[in-house]
Structures are given as structure tokens and as C-alpha cells.
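Please read all numbers here as calculations on a predicted model, not as lab measurements.
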Amino acid sequence: MCRRGTTRTSAEAYYQNKLKLALIGQSLFGQEVYTNLRKQGHKVVGVFTVPDKDGKADPLAVVAEKEGTPVFKFPRWRVKGKPIPEVVEAYKAVGAELNVMPFCSQFIPMNVIDFPKHGSIIYHPSVLPRHRGASAINWTLIEGDKKAGFSIFWADDGLDTGPILLQKECPVEPNDTVDTLYNRFLFPEGIKAMVEAVQLIADGKAPKIPQSEEGASYEGIQKKANAKVNMAQPAEVIHNWIRGHDKVPGAWVVIDGKPVTLYSSSMLSGSVPAGQPIEVEGASHPGLIAKSGLILFGSDGKALQVKNLQFEDRKMIPASKYFSSDEAASLDLTDDEKKMAEEIRAIWKGILSNVPVIDDTTDFFKSGAASMDVVRLVEEVKQKCRGVQLQNEDVYMATTFQSFIQMFVRRLRGEDQEEELVIDYVTKDVNNMTVKMPYQCFINGNFEDAEDGKAYSTVNPTDGSVICKVSYASVADVDRAVSAAKEAFDNGPWGKMNPRDRGRLLYRLADLMEEHQEELATIETIDSGAVYTLALKTHVGMSIQTFRYFAGWCDKIQGSTIPINQARPNRNLTFTKKEPLGVCAIVIPWNYPLMMLAWKSAACLAAGNTLVLKPAQVTPLTALKFAELTVKAGIPKGVINIVPGSGGLVGQRMSDHPDIRKLGFTGSTPIGKQIMKSCAVSNLKKVSLELGGKSPLIIFSDCDMDKAVRMGMSSVYFNKGENCIAAGRLFVEESIHDEYIRRVVEEIKKMKIGDPLDRSTDHGPQNHKAHLDKLVEYCELGVKEGATLVYGGRQVDRQGFFMEPTVFTGVEDHMFIAKEESFGPVMVVSKFKDGDVDGVLSRANNTEFGLASGVFTRDINKAMYVSERLEAGTVFVNTYNKTDVAAPFGGFKQSGFGKDLGEEALHEYLRTKAVTVEY
């Protein structure tokens, strides 16, 4: 019953304060205003629009006629300045209470403007009184305005001078065009505002604010003849002139003695790319034809970039193709392609109904086509020929029927796509599949050998065999990778991409990782020694989850508004923006090669940065396979670069490089300190460090013994002990100590040590030979210092780098194994007296590390007391190793600073800008 009552009330409100409207205007904008006003319950009693052109009705007329609204298509309302009586009478007969003029190109007599009860309102695409006249959007850009907007005003007998009803503003982005401003703000928000304005009038709440003449300006419609670019101006002024004339009438310059129209201008913020010089009339410096387009220089020495050029015959080409713009030889079409060409000819004929015959020379635009016809052509061709990707820009690039068919067929054949990525794989038949592994540096979207040709062997720890040779990157390779990343950030599509589109690419990348998860897990196993089932679930599985998690963050990175003291009598608005840093370097360890890559790079990319990543020298293969998947996902060139090699060479150059703005590192504390020092000395780059640990796990006598044994073993032996947060020291309450050790040893004896690809294996090989040797030395030192070796302590007598799961008891606080981490399968156990909670806390915190910690007890008060006092970035209570992509991860003290995972990880790759506006 309540629900019915709500519906009835809403219906009553819907029909209250509604008006009878006459819509006078045209275009898709007018159509949308018409549709939305009707949705709000207003009655449109008549639509007055322009006559059909070449047999095609205006979009406003199309929808109004379809819905049965009276439509009038008067060629004009006045003759020699006087109203046409029969036209005015036809208008008055509809009985409108308000004239709504969303976009009107005709002169409407004042006896029509003033006739309705409420008069007339008009939409104008500028913040009046600035930019009165018909080219307001163009002049907003030409004048370099920092804000744009629109006004809805009451019509009077002046030119855009009537009282203001409402206005709305938006910032002008540095590379906005008429199209982007219109599509982003003026069109969608203008429609909403027109509806809002009508309702304000209906409710009797509409203001009439007289326009001030202060700051008023009027600019006429620009003509092609006076749209020539004055090159003797600063680059930004030239850029504003070009974008203000894009697409109509088109700013132009003289190149090689011929007028050339310029489209799609943007300021060049990075270094000037290499290119072929070209003389531009009136310019103090020759232009350059580069891969990215035409580079022009202003009088201030700064540069801008133009993407497209159009010649006098209206043919448009990418500016980068200026020196190779001759038409390629005509394609020989197959019978099927000829059939498709005729179907497309029929589409052209349907649009260009005024053209008797569509032949090869028919020009789409010279035949009268407009921008809406471009959209229709593209959509009809895509509907007819599914799978072919076309964009509006393609029509402007191929304006004649013949050139359009040539472009279409090449697109159909895939001939005009970017050159396919060439990968020289190493292949291996393993784990019941053939794995294909890239082995070269990945720089600027290509796999290539190191510049000096050096390579090194990566080894399978299961048997010590060489998997393959991998490129050994040099300092020059790092510099090339950083240059590619900087260009991608400054000038590539990544830096200009909408956050939601960036997220879509990261989602696609996660999907591809999932499609290849078995192959990735197999490569991870043979390269790092991880047990395959763990590699599949954790190494790869959590990597996929990480990319999906951060993909979802791309369009949710926000600043905030901040109330500050006003500078009276003015007012202030202060807000913050979160911005990407630029080029970031990432250096990852060998224990979780793919997962550590994901933990850092997913947040880095979601924030909008580009990156150069160095995988661990001993485990480079999943990172390089990941690089291949980024290309398939559509990540633009230069955004991700992978340079395998040594830390002393590659890692050091990353720390020193002046163009890198952030370095994220996971590894040992001594190396972390060296990186931090180098980053400070070079350019004070931002740093986040996840370093060594000696994580304490406290097990009280009131624990769930079964769970404490199972989780305690996992805390030490998970991933063969090669685990950043492994419990480096267990403190077991005295009364349960002996039973706990006995049960742990019983469980160890059940563990299967062997081939990590065997699904029943519990414990695989250590990552590499040098690490195995250090573990053996670590155990020998423990015995030498007097600790009791209960189990293990030796290399397994078999091929490969296998270490026995080890248990030490009787470990005293001064011993080496009590203070230093093994980073291997070594359980280090100490007793503590029954009930001595503060004493064991003091011992647990008596370390320079603070990455993780844990406590097992059934007493929630004790658990909370201990967790509050443990000095570690993560505390596990009655569990261990439970990390999640949404939970921040990072250490205290000499375990480093900064966070991976969770929202906090994003802030490691963002900077905060505060903006204060006075108004």
C-alpha cells in the first residue's frame, strides 16, 4: 500500500507546474532538449525548425514527427526585415506559453519572441557577456580562456544581450578542441540546464539577471580567408588559434608554397622528437615531420604538435605521412570485397541522396555531408560489415568514395594495423604444455637484445639446468627504456587517456593473465622453484586479483575540497588534485617474481604513470611473458618497459636516473639503504621500500593447538620459506613447548619434497644455488652457537637446490639465528615463561625489523593487547600469511616504509596538488 501511495504522489508532482512549449531550433542538441522536456511532463505544442536539406529532415524534426508533434519547417520568418504574417499566425495558433530555443540559426521576429506568456529563452555556448555571437566556442579557445561554459538567457531585441536565467562553467583543458568541449560539457550539461531552466520558469522561480557590459565581447563568424596562422607568436597562442578553428573553418599555413589546413593540435611538453625539417611560411624556425606529427615552433622557442593535415582538394592525411602522402597503388579487390564495396556504395547513396550517381571521385563532404552524416556512415558500415573497426576520423582521412573503399579494404585485411609484435621465443615442452617464453629486453613495445649483445643464463632450480639465455641489460638500455617511458607519459595516448579507459585496459590485461595462468604458473615454477599448485593459486592468482583490484581504482582517484579563510570581500575555493608522478622505476625480488611485479606495477599504472621494471636477475621470465601480454591487452608503447640484468648495473642506473620520479623496491635492507641514498643524491626521487624482516610469532598455551601447529608451519615453510613475512622466530609458551615441537616434527616428516610440477609435492627447491649455500651456512652457525637442531639443517641428497625443512629450539636472544632472517625453511623456536606476556612482547620487539608478526591465543583480550604492542606493519591473529589485495602491506623500522596493496598503495604513485581560486 505504501508503495502505491508513493507512486501516486510522484505522478501528481509530475503533472504540476508544467508548460506548453514551442521549440524553435534544430540539430541533435535540439532533439535531445525536446525529448527530455517531454520526459519531464511538459507539452511541446509545436516544433519550428529548418526545411529538409537534400531530402533529409533535421534530427529535431525527425523525432517530433515520429511522436506526432506538429512540425513547421519555415525557410524564413522575415522578408526584408519584416515578419511574414502567415508564418507568425501559424506560430501563434499553437498557443505556446514559452518559446524554448536550444539552437537556432534563423532570425526570429520580436513579435514571436515576446508573444508567449513567459517570453523566450535561448541557449548560448559561452559565459555571457563574453563571446557574444555565433562562434562563441571557437573564440573561447582562440582567446585562450581558462574556463568555458554556457548561458541560458531571456531573449530580447539585442544580440545575445538578454537577462541571464542561469549559467554553468567548466575548465578548459590545455588540449581541448571545439569538439571535446562540446561533447564533454556543453552538450550534455546544456541539455540538463535547458530542462532545469524551463522548470524554474514553470515554478515561478526563474531569475532575470541583467547582463553587465563589463568584459563583454562580440566576435563574428570566422572565414577561411582570415584563419591563416600568424607564426610570429608564442607557441601557446598558435595552438589556441589552431584548436579554435578545428574543424571549421580550419586554421592554415603555407607549406612548400601550398596552403595546408591544420587539425588536432596539442602543446609539446617533452623533448622535441627527431624529424625531417620542413619550411613553414612566416615561421622563424623550420617545422619537423616526426613520427608523432608536424612539430611547429613559436616565437618563444616552445613547440606544438599537429596530428592531421588537409590539402586544397580536401584530402586529409596524418601529418607524419607528409613526405609519403602519395596514394598507394589501387588494391585489386576480391569478388567478396567488390560485393562489400557495392553495399557501401548503397550506404553512401542513402546518405548523399542529392547525388545522382556515386562514382569513385564522389567526395563525401563536397557532396553536402555534415558531421552527423559522418557518424551515420561509420555506424552503418560497421553494422553491415561486423568486425571492421572504423572511427569518424577515418572518413575525414578518406573523403572520396575510392579512397574510402581503399581504406576500408585495407582495414578489413588488417594491412593498416600496427606492425605485429615480433617475438623470438624460447619454447619448452613441460607440464603437459608447450610454454613460449620471451627472453629479450622489452623497450618501447618491442623485444630486443641488449645494446651490447650481452646475455646470461637463467637456471631451473629443480635440476640446475639452463632454461635459456636472457638479455643482460646495460646502462644504455636503461636510458632507452626511461626515454620511451617519458615519451609515453608526456606525449603518448596513456597520459591523455580517460581514467576509465585506462582501467578497461588493465581489466583486459588481467583477463589475459587469467587466460594464460597455467603457462605463467609453469614458467614461474621452472624459473623460481615454486610448487606449481602454489604458483597457480598465489604467484599468478593473486597477481590477477591485484590488477583487477587496481583497474577498479582508475576512475576513483579523487582530490578534495578544503574550507579556508576567505580573502574578504572576495571568496576562495581550495581543492586538491591527485596527479601521477611520471616515469617510475620498480625493482622486484626473486621469491614471488610475478606477484611482486603485480603488487607494485598495478598501482603504478592505475595512477597513470609509466614504468621501467627490473626483474630479479635469477627470475626474469614471467616478467617478460607479462610484457607480451601487455601488448595483447593494448597497453600503448613505452608505458611498460622490462630490463633484466644485475642490480649493481641496472638497479643503480635506475636510482641515479634524473628522469625517474619514483622508485619502488622490494629486497634486502642494505640494498634498500643504498637505493635511498642514490635516489636522494640524484634528483630526490620518491622512494618506497619493502625490506628485510624477522617477524615474531607468539604462541600462547591457550591456543587452538591444531591450528597453531598448522599455521605455525605455514608461517615458516610457505613457499619454501622464501617469504618476506615468514615467521623468523617463534616464541612458544613453556607449558606447551615440547608438545608443539613434537607435533611440528611429525608433520614435517609427512611433507613430500620433490619436483615442484608434481601436484602432490609440498616442498620444492630453493630459488638458486647461492641462496641454498647460505641456508646451509646459517644452520651450521646455529649449531655452532649452541642452538638445538631438532630436524633438518642440510641440503637434500638429490639433484637440484633442495633444503630440508629445519627446526631449531633452545634459541637464545643473542644468537645470530635469533636476530637475522634465513629467508628459507628454518623454524627458529624460543621458549617464554608461562604468563609472561610483557616479557615475550619485549623480546619480540627487540629487533630492527618490523614487517609482520603474529599471535595465537583463544583470549581475545590478550590478542588485542599483544596486537596493539607488536611493532610491525602487519599483525596476524590466529592466522598467518593472510594477505589481500585490498589490505595495505608494508613494514616499520628497517623493514622499510610505504605500502603495497590497498588504496594506500595508490598514494605511493601520486602527488597532491593544491589549487586555490579567488572569485
Side-chain angles (χ1 to χ4, degrees), residues 386-389 391 411-428 433-448 468 470-471 481 484-485 488 492-495 497-498 500-524 527 535-536 539-552 554 586 593-595 597-598 600-606 608-613 615 620-644:
R386 297 188 183 279
V388 175
Q389 295 300 312
Q391 297 178 349
R411 188 68 53 84
L412 190 67
R413 296 176 181 179
E415 293 177 3
D416 66 344
Q417 294 176 359
E418 286 194 14
E419 187 176 330
E420 188 175 349
L421 179 65
V422 176
I423 306 176
D424 187 12
Y425 293 109
V426 170
T427 60
K428 282 195 177 294
M433 68 180 76
T434 300
V435 295
K436 299 165 69 175
M437 299 173 286
Y439 61 88
Q440 297 165 295
C441 300
F442 182 71
I443 299 174
N444 202 27
N446 296 302
F447 286 100
E448 50 195 59
C468 64
V470 176
S471 293
W494 188 254
M497 190 175 293
N498 289 326
R500 200 161 295 161
D501 293 334
R502 188 164 66 242
R504 179 174 50 80
L505 291 181
L506 295 184
Y507 276 123
R508 187 184 301 167
L509 176 57
D511 290 343
L512 283 166
M513 292 170 70
E514 189 168 53
E515 288 176 26
H516 291 262
Q517 60 183 333
E518 288 85 2
E519 185 178 21
L520 286 166
T522 300
I523 296 171
E524 191 95 334
D527 202 26
L536 191 62
H539 290 234
V540 178
M542 193 173 188
S543 300
I544 295 166
Q545 292 176 26
T546 303
F547 271 98
R548 286 195 174 129
Y549 174 80
F550 283 108
C554 288
I586 293 174
L594 186 64
M595 194 170 80
L597 176 153
K600 295 191 185 302
S601 63
C604 174
L605 295 169
N609 301 286
T610 58
L611 66 88
V612 180
L613 182 141
L621 296 181
T622 43
L624 295 171
K625 186 67 180 181
F626 167 83
E628 176 193 344
L629 298 181
T630 67
V631 176
K632 292 182 178 179
I635 306 291
K637 288 184 177 182
V639 173
I640 296 170
N641 304 271
I642 311 287
V643 279

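- The heavy-atom pair separating Pro593 from His539 by the smallest distance is CD-ND1, 4.2 Å.
- Contact record, Ala535 with Ala521: CB-O, 3.9 Å, taken as the closest heavy-atom pair.
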Exercise. Would Met437 and Glu519 count as a side chain to side chain contact (heavy atoms under 4.5 Å, CB included) if you check the C-alpha gap in whole Å, the side-chain angles of each, and the deciding distance to 0.1 Å?
Worked result: CA-CA 9 Å; Met437 299 173 286; Glu519 185 178 21; 6.0 Å; no
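- With sequence neighbours excluded, the residues satisfying side-chain contact (heavy atoms from CB on, under 4.5 Å) with Gln545 are Val885.
- Listed for the Asn444 side chain is no donor-acceptor partner under 3.5 Å among the backbone atoms of Ala481.
- Using a 4.0 Å cut-off between charged nitrogen and carboxylate oxygen, Glu514 and Arg548 count as a salt-bridge pair.
- Atom CG of Leu536 sits about 5.5 Å away from atom CD of Gln517, to the nearest 0.5 Å.
- The two residues Met513 and Ser543 come nearest to each other via the heavy atoms CE-CB, 3.8 Å.
- Scanning all heavy atoms of the two residues, the minimum distance from Gly638 to Ala488 falls at C-CB, 3.6 Å.
- Interatomic distance, CZ of Phe626 versus OG of Ser601, reported as 4.5 Å (0.5 Å rounding).
- Between the CG atom in Asp424 and the CD atom in Gln440 there is a gap of 5.5 Å [rounded to 0.5 Å].
- For Leu605 against Phe547, the heavy-atom pair with the smallest separation is CD1-CE2, 4.2 Å.
- No option in Leu594, Val426, Leu520, Ile523 other than Ile523 meets the side-chain contact (heavy atoms from CB on, under 4.5 Å) test with Leu621.
- A 4.5 Å side-chain heavy-atom check between Val435 and Tyr425 finds every atom pair outside the cut-off.
- Taking Ala603 as the reference, Phe550, Ala905, Tyr909 meet the side-chain contact (heavy atoms from CB on, under 4.5 Å) condition, with sequence neighbours excluded.
- Between Ile640 and Leu613 there is no side-chain heavy-atom pair separated by less than 4.5 Å.
- One distance of note links CG of Leu629 with NE2 of His516; it measures 5.0 Å at 0.5 Å rounding.
- Between the CZ atom in Phe442 and the CD1 atom in Ile423 there is a gap of 8.0 Å [rounded to 0.5 Å].
- At distances below 3.5 Å, at least one donor-acceptor pair connects side-chain atoms of Lys625 with backbone N or O atoms of Lys436.
- Residues Ile544 and Ala510 come closest through the heavy atom pair CG2-O, 3.8 Å.
- When the side-chain contact (heavy atoms from CB on, under 4.5 Å) test is applied to Asn498, the partners found at least two apart in sequence or on another chain are Asp501.
- Residues Leu506 and Cys554 have side chains in contact (heavy-atom distance under 4.5 Å, counting atoms from C-beta outward).
- If you take CD1 on Ile642 and CD on Glu628, they are separated by 12.5 Å, rounding to the nearest 0.5 Å.
- Taking the side chain as every heavy atom from C-beta outward, Pro636 and Leu505 approach each other to under 4.5 Å.
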